[in-house]
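Note sheet for the following structure.
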Amino acid sequence: MLIKVKRGWEMRESEATPEAVFLNRRTLVKAMGMGTILAGAGLPLGNAFAADKADATPDPSASLYPAKRNDKYTVERAITDPKYSTNYNNFYEYSEDKDLAEDAQQLKVRPWTITIDGMVEKPLTMGIDDLLQQVQLEERLYRHRCVEAWSMTVPWTGFPLKNIVDLAKPLSSATYLHMTTFKDASMAPGQKRSFFYPWPYLEGLTMAEANNELAFIGTGMYGKPMPKQDGAPIRLIIPWKYGFKSVKSIVRFTFTDKRPVTFWAKVGPSEYGFWANVNPDVPHPRWSQATERVLGSNERVPTKLWNGYGEYVAAMYSDIKGEKLFM
Ligand SMILES: Nc1nc2c(c(=O)[nH]1)N[C@H]1C(S)=C(S)[C@@H](COP(=O)(O)O)O[C@H]1N2
Ligand SMILES: [Mo]
């Protein structure tokens with residue numbers, strides 16, 4: 001008899017530490033109400049067939065890869081084999097499970113229009129390929145720490161988020177940058193199936209954070225355009241915060257003077273605050289954050305304050321008092 005022993009990385013994270021077990025009461029009540037209406041109207045809530053809908057158009061930006069590595073940002077860990085990092089994803093627009101790479105092929109990444117608006121000199125709308133013409137792509141090795149206590153090390157390709165700020169020319173009164181994922185259930189079955197979540201996915205940073213040299217816009221990984229399941233064609237990468245801050249498949253950058261009430265803050269306000277900086281000494285209400293499981297290995301290693309990026313980011317927070325910087 002063959003007994004299959006699950007390796008650590010084969011285990012669904014949800015068996016240990018699911019990001020969303022907890023829905024707040026308002027969300028639930030709303031969900032129940034809508035469920036009745038949808039069931040009554042006989043609308044399909046099931047999954048679509050990923051393979052049928054896969055978009056086979058070649059990526060017009062493919063020739064921009066690989067980009068030159070910026071050696072300033074070094075990591076002391078091995079690069080995660082892409083077979084793990086590109087097959088173990090959080091992308092609730094597709095699924096609440098990690099095994100969503102195939103489903104995510106329904107994402108259509110061209111045409112892809114990006115809007116920059118809010119408190120800016122002049123709002124802008126442009127296609128992703130126009131934007132790529134205006135920036136210099138580079139590769140950076142960063143460590144990524146999910147709030148669920150797994151981590152990976154990835155060579156991302158992209159450009160500093162500050163390039164978007166410079167294009168946008170925000171007014172001095174703008175204090176926050178909001179970033180929004182697409183909303184289109186026809187290419188994201190999770191937005192239909194998990195209709196009770198507050199779509200579209202919204203995240204945000206302060207202007208100081210957006211201008212920080214580590215704040216990075218990812219357009220590719222492992223020397224190639226971004227796989228759809230990792231947030232093609234353009235996503236955020238904020239290595240000193242928990243992974244949920246790194247919003248995928250962005251269509252809108254809005255500069256405002258209001259702190260965003262983010263997707264995860266709406267889903268679980270007592271678990272996912274605005275700052276979400278990595279700190280091993282502040283446990284999540286449902287689990288410890290002291291260590292992390294390195295994707296693709298069975299190793300658990302200690303988690304570092306600011307995910308090890310304190311020299312770049314800690315000063316931004318020295319004047320902030322009376323706020324939960326770490327939850
Ligand atoms: N639009 C969107 N962005 C998202 C998420 C999501 O569900 N939807 N999940 C976040 C979480 S919790 C993590 S850990 C990272 C995962 O990125 P990866 O799949 O490339 O590892 O994406 C973040 N960005
Ligand atoms: Mo995450």
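If you read the sequence from its start, that first residue is 1, and numbering goes on from there. Both ligands and their constituent atoms are indexed starting at 1 by order of listing.
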Item checked: Residue selection (non-hydrogen contact nearest atom 10 (C) of ligand 1) among Tyr84, Tyr88, Tyr201, Tyr94 ->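 Considering heavy atoms of Tyr84, Tyr88, Tyr201, Tyr94, the nearest to atom 10 (C) of ligand 1 sits in Tyr201.
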Check: Counting heavy atoms only, which of Tyr92, Tyr197, Trp264 is nearest atom 7 (O) of ligand 1?
Finding: Tyr92
Within the 4.0 Å heavy-atom shell around [X], which atoms of ligand 1 are there?
X      : result
Thr181 : 1 (N)
Cys146 : 14 (S)
Phe244 : 10 (C), 11 (C), 12 (S)
Glu93  : 1 (N), 2 (C), 6 (C), 7 (O), 8 (N)
Phe91  : 1 (N), 6 (C), 7 (O), 8 (N)
Asp230 : 18 (P), 19 (O), 20 (O)

Give me the residue, atom name and distance of the protein heavy atom closest to [atom].
atom                    : value
atom 9 (N) of ligand 1  : Asn90 O, 3.3 Å
atom 14 (S) of ligand 1 : His144 NE2, 3.4 Å
atom 12 (S) of ligand 1 : Glu19 OE2, 2.7 Å
atom 15 (C) of ligand 1 : Gly243 O, 3.7 Å

Between the side chains of [Y] and [X], is the shortest nitrogen-to-carboxylate-oxygen separation below 4.0 Å, so that they form an ion pair?
X      : Y      : value
Lys224 : Asp59  : no
Asp129 : Arg110 : yes
Glu271 : Arg286 : yes
Lys241 : Glu209 : yes

Note to self: Less than 3.5 Å apart, any donor N or O on the side chain of Trp264 or Tyr201 sitting next to an acceptor on the other?
What the structure shows: yes
Next item on the list: Report yes or no: do Glu148 and Asn90 form a side-chain donor-acceptor pair below 3.5 Å?
Entry: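 A pair is found: one side chain offers a donor N or O, the other an acceptor, under 3.5 Å apart.
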Would you check the N or O atoms of [X], main chain and side chain alike, for any that come under 3.5 Å of an N or O of ligand 1?
X      : result
Arg235 : yes
Lys248 : yes
Trp150 : no
Trp156 : no

Note to self: I'd like to know if the side chain of Gln289 reaches the main chain of Val147, judged simply by a donor and an acceptor atom lying under 3.5 Å from each other, with no hydrogens or angles considered.
What the structure shows: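 Here the side-chain-to-backbone pair exists.
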Notebook entry, point to check: Angle class for the Phe244/Tyr242 ring planes (parallel below 30°, perpendicular above 60°, tilted otherwise)?
Noted result: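 The arrangement is parallel - the two ring planes meet at less than 30°.
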Margin query: Ring-plane angle category for Tyr197 and Trp199, please: parallel below 30°, perpendicular beyond 60°, tilted otherwise.
Written below: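 Aromatic pair Tyr197/Trp199 classed perpendicular.
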Checklist line | Over all atoms of both residues, closest heavy-atom pair of Leu214 and Pro239 | finding: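 Closest approach of Leu214 to Pro239: O-CD, 3.9 Å.
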Check: Could a heavy atom of Ser246 be found less than 4.0 Å from some atom of ligand 1?
Finding: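 Yes, Ser246 has heavy atoms under 4.0 Å from ligand 1.
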Margin query: Yes or no: does Met152 have any heavy atom under 4.0 Å from an atom of ligand 1?
Written below: yes
Check: Checking side-chain hydrogen bond (donor to acceptor under 3.5 Å, both in side chains) for the pair Arg143/Ser151: CA distance, chi angles, key distance, verdict?
Finding: CA-CA 7 Å; Arg143 289 181 294 103; Ser151 68; over 6 Å; no
